[in-house]
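Data block below; observations after.
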Amino acid sequence: MLDIRLVRNEPEQVIAGLRRRGLTISLDEFLSLDETRRQKLVETESLKNRRNVVSKEVGRRKAHNEDASDLIREMQEVGERIKVIDEEIRAIEARLNEILLTIPNLPDASVPEGPDETYNQEVRRWGEIRVFDFTPKPHWDIGEGLGILDFERGSKISGARFTVLKGKGAKLERALVNFMLDLHTKEHGYEEIFPPFLVNRDCMVGTGQLPKFEEDMFRVTPGDYFLIPTAEVPVTNLHRDEILDVEQLPLYYTAYTACFRAEAGAAGRDTRGVIRQHQFNKVELVKFTKPEDSEAEHEKLVRNAETVLQRLGLPYRVVLLCGGDMGFSAAKCYDLEVWFPSSGTYREISSCSNFKDFQARRANIRYRPAPGAKPEFVHTLNGSGLAIGRTLAAILENYQNADGSVTVPEVLREYLGMERID
RNA sequence: GGAGAGAUACCCAAGCAGGUUGAAGGGGACGGUUUGCUAAACCGUUAGUAGGAGCAAUCCUAGCGAGGGUUCGAAUCCCUCUCUCUCCGCCA
């Protein structure tokens with residue numbers, strides 16, 4: 001969430017920032033509630049001070065066997081008054097919090113203004129787009145032809161947007177997970193985490209999925225658990241309500257998890273293939289940094305994700321998202337888009353965001369800049385490194401052969417123990 | 001699921017028949033004295049945090065797992081919840 005002091009003192013700045021996301025909001029209710037809250041706080045706190053002082057006097061008198069009934073009577077009234085004001089404050093704070101939790105992050109100055117993806121900026125491209133001497137097939141045809149993707153049985157046992165991987169397909173999925181984790185842990189300096197896939201409500205609020213996007217999440221009963229939509233949620237919340245040592249920073253974590261998304265607003269989109277599933281695998285990168293380092297760390301994180309595509313030999317481009325296309329919590333976001341020959345388009349395969357202190361403030365993740373100094377909020381960052389299902393799909397399409405087989409990218413051969421899938 | 005025990009400051013731990021105790025005592029850490037140097041001994045310091053008022057010095061409020069309640073006053077009494085540990089049952 002945004003700093004309440006920023007909203008209070010520089011509301012125009014907040015409104016201007018949100019406009020760069022294509023949003024128009026009014027802060028009038030917030031500002032007047034905030035003002036009222038502080039007035040009532042002054043009142044109740046001075047009453048409490050009086051009560052504290054007088055109650056001690058009561059104790060003193062009773063110890064000396066003196067009468068204190070006049071003081072007690074007075075404090076009964078004071079107590080009633082305090083109760084009323086505190087209840088008013090509680091209601092105001094609940095509303096203030098509700099408002100604050102639904103305001104998205106402000107875009108970084110470098111983020112292009114615009115309401116939708118047409119305002120995104122391509123930053124760079126990598127890789128040679130392969131010229132086919134036959135018509136490249138979509139990955140679902142290739143996968144079904146090879147017997148490694150089973151969409152029918154996926155929908156039989158679960159429903160739409162579920163797929164079964166079989167044989168060499170299942171093994172390829174696992175190889176991709178291992179390859180990516182090995183790359184990030186051995187070469188990029190990330191520590192591997194294997195978190196729970198079910199988290200509590202506080203986590204979902206901490207990273208920004210709640211309260212606004214509950215309909216996109218899978219909720220699990222019994223209990224009040226959510227299936228994680230990304231490893232970002234459990235891994236970022238590892239340090240919720242903690243004060244980190246400055247020497248620990250930056251922290252680099254990588255985690256493989258399954259991810260679960262309701263895809264509530266995506267009816268009819270990407271219904272074929274494995275591009276948009278209710279359950280998919282992903283290797284995630286998460287960083288905690290000092291505020292002054294987050295910009296450089298963000299660029300580095302993007303390069304780490306790009307390295308995966310480069311090693312796999314998959315052509316891609318890097319896109320800087322405009323304000324309107326960024327996620328709720330992000331201050332700046334690069335998407336990596338991989339080339340799909342069958343559709344002749346680049347499709348998102350990684351999203352790398354700098355959240356600055358937005359998530360850290362929600363999740364209360366701080367660090368102490370120097371011994372004895374006041375704690376400050378860290379900056380959090382994360383990015384896919386990469387989405388496994390989409391990577392598998394991209395490999396099938398980019399490495400397909402005329403006979404329906406698929407050549408295994410060089411770097412995966414030791415993991416798979418084969419050069420071709422046929 | 002059944003039966004117990006517990007949660008107090010950086011750590012351990014007392015207080016729990018309500019009243020100058022936001023908290024004894026240890027340990028640790030930091031500072032000092034002593035010392036050729038270490039160690040030891042001795043002395044001292046050690047809630048952090050959040051919120052609010054004020055130009056400021058500073059002051060106030062909250063806080064003993066969380067949330068409610070009783071009371072003039074709650075770490076202490078009552079209720080609800082969460083987590084941890086032990087035993088039993090079940091289970092990958």
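Worth knowing before you read on, the calculation uses all heavy atoms, side chains too, and leaves out hydrogens, waters and symmetry mates.
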Problem set entry | Pairing partner (Watson-Crick or G-U wobble, both distances under 3.5 angstrom) of B/rA23 | none

Exercise. Expressed in angstrom and rounded to an integer, what is the separation of A/N200 atom CG from B/rA66 atom P?
Worked result: 17 Å

Exercise. Which value, in whole Å, describes the distance between the C1' atoms of nucleotides B/rA9 and B/rU45?
Worked result: 15 Å

For this session: Rounded to whole angstrom, note down the P distance from B/rA14 over to B/rC91.
Result: 39 Å

Exercise. From the list B/rG19, B/rG52, B/rC60, which nucleotide is the closest neighbour of the side chain of A/N49?
Worked result: B/rC60

Exercise. Is A/E93 salt-bridged to A/R90, cutoff N-O under 4.0 Å?
Worked result: no

For this session: Using a 4.0 Å heavy-atom cut-off across all strands, classify A/L41 as base, sugar-phosphate, or nothing.
Result: sugar-phosphate

Problem set entry | For RNA chain B, the residues among residues 76-93 of chain A that have a non-hydrogen atom under 4.0 Å from it | A/Q76, A/K83

For this session: For nucleotides B/rG52 and B/rU34, find the distance between their C1' atoms and express it as a whole number of Å.
Result: 48 Å

Problem set entry | Of A/T44 and A/V54, the one whose closest RNA chain B nucleotide lies more 5' | A/T44

Exercise. Mind checking whether A/L381 and A/V286 have side chains closer than 4.5 Å, heavy atoms only?
Worked result: no

For this session: Using the six-membered ring wherever Trp is involved, compare the ring planes of A/Y346 and A/W339 and label them parallel, tilted or perpendicular (cut-offs 30° and 60°).
Result: perpendicular

Exercise. What is the base-pairing partner of B/rA41, counting Watson-Crick and G-U wobble geometry with both distances under 3.5 Å?
Worked result: B/rU33

For this session: Rounded to whole angstrom, note down the P distance from B/rC60 over to B/rG69.
Result: 26 Å

Problem set entry | Whole-Å P distance, B/rU76 and B/rG2 | 27 Å

Exercise. What integer distance in Å separates A/E66:CD from B/rG19:P?
Worked result: 18 Å

Exercise. When all nucleic acid strands are considered with a 4.0 Å heavy-atom cut-off, which category describes A/V42: base, sugar-phosphate, or nothing?
Worked result: sugar-phosphate

For this session: Name the nucleic acid region contacted by A/R366, choosing base, sugar-phosphate or nothing; use a 4.0 angstrom heavy-atom cut-off, strictly under.
Result: sugar-phosphate

Problem set entry | Sidechain-backbone polar pair: A/S405 side chain, A/D422 backbone, donor-acceptor under 3.5 Å | no

Exercise. What nucleic acid atoms does A/R5 come within less than 4.0 Å of, heavy atoms only: base, sugar-phosphate, or nothing?
Worked result: sugar-phosphate

Exercise. According to the Watson-Crick and G-U wobble definitions, with both distances under 3.5 Å, which nucleotide is paired to B/rC77?
Worked result: B/rG69

Problem set entry | Under-4.0 Å side-chain N/O to phosphate OP1/OP2 contact, A/R368 with B/rU49 | yes

Exercise. Reckon A/R361 touches a base, only the sugar-phosphate, or nothing at all at heavy-atom distances under 4.0 Å?
Worked result: nothing

Problem set entry | P gap between B/rA24 and B/rG15, integer Å | 14 Å

Exercise. Quantified in whole Å, what is the P atom distance between nucleotide B/rU38 and nucleotide B/rG32?
Worked result: 13 Å

Problem set entry | Residues A/R366 and A/E242 bridged, charged N to O under 4.0 Å | no

Problem set entry | Any A/R8 side-chain N or O less than 4.0 Å from OP1/OP2 of B/rG52 | yes

Exercise. Base, sugar-phosphate, or nothing for A/K374, non-hydrogen atoms under 4.0 angstrom?
Worked result: sugar-phosphate

Exercise. When the C1' atoms of B/rA75 and B/rA13 are considered, how many whole Å apart are they?
Worked result: 14 Å

Exercise. What's the closest nucleotide to the A/E45 side chain, out of B/rU49, B/rG52, B/rG22?
Worked result: B/rG52

Problem set entry | B/rA17 - base-pair partner by Watson-Crick or wobble geometry, distances under 3.5 Å | none

Problem set entry | A/D241 CG to B/rG65 C1', straight-line distance once rounded to whole Å | 13 Å

Exercise. Taking atom P of B/rC72 as reference, at what distance in whole Å does atom CE of A/M75 sit?
Worked result: 11 Å

Exercise. Does OP1 or OP2 of B/rG73 have a side-chain N or O of A/N52 closer than 4.0 Å?
Worked result: no

For this session: Answer with base, sugar-phosphate or nothing: what part of the nucleic acid does A/R51 contact at a heavy-atom distance below 4.0 Å?
Result: sugar-phosphate

Exercise. Are A/D70 and A/R61 close enough for a salt bridge, meaning some N to O gap below 4.0 Å?
Worked result: yes

Problem set entry | Complementary nucleotide for B/rA3 - Watson-Crick or wobble, under 3.5 Å | B/rU86

For this session: Using atom NZ of A/K62 as one end and atom P of B/rA74 as the other, report the distance to the nearest whole Å.
Result: 14 Å

For this session: Round to a whole Å and report the spacing from NZ of A/K48 to P of B/rC59.
Result: 20 Å

Exercise. Should the pair A/R37-A/E88 be classified as a salt bridge under the 4.0 Å nitrogen-to-oxygen rule?
Worked result: no

Exercise. Once you round it to whole Å, what is the distance between P of B/rG51 and CG of A/L100?
Worked result: 12 Å

Exercise. Taking the six-membered ring for Trp, are A/H239 and A/F288 parallel (under 30°), tilted (30 to 60°) or perpendicular (over 60°)?
Worked result: perpendicular

Problem set entry | Residues that A/A331 engages under side-chain contact (heavy atoms from CB on, under 4.5 Å), provided they are two or more places apart | A/N105, A/K356

Problem set entry | B/rG51 pairs with, by Watson-Crick or G-U criteria that keep both distances under 3.5 Å | B/rC60

Exercise. Which nucleotide sits closest to the side chain of A/R60: B/rU20, B/rA53, B/rU49?
Worked result: B/rU20

Exercise. In whole angstroms, how far is the P atom of B/rC10 from the CG atom of A/D245?
Worked result: 13 Å

Exercise. Can we say A/E35 and A/K40 salt-bridge, meaning some charged N sits less than 4.0 Å from an Asp/Glu carboxylate O?
Worked result: no

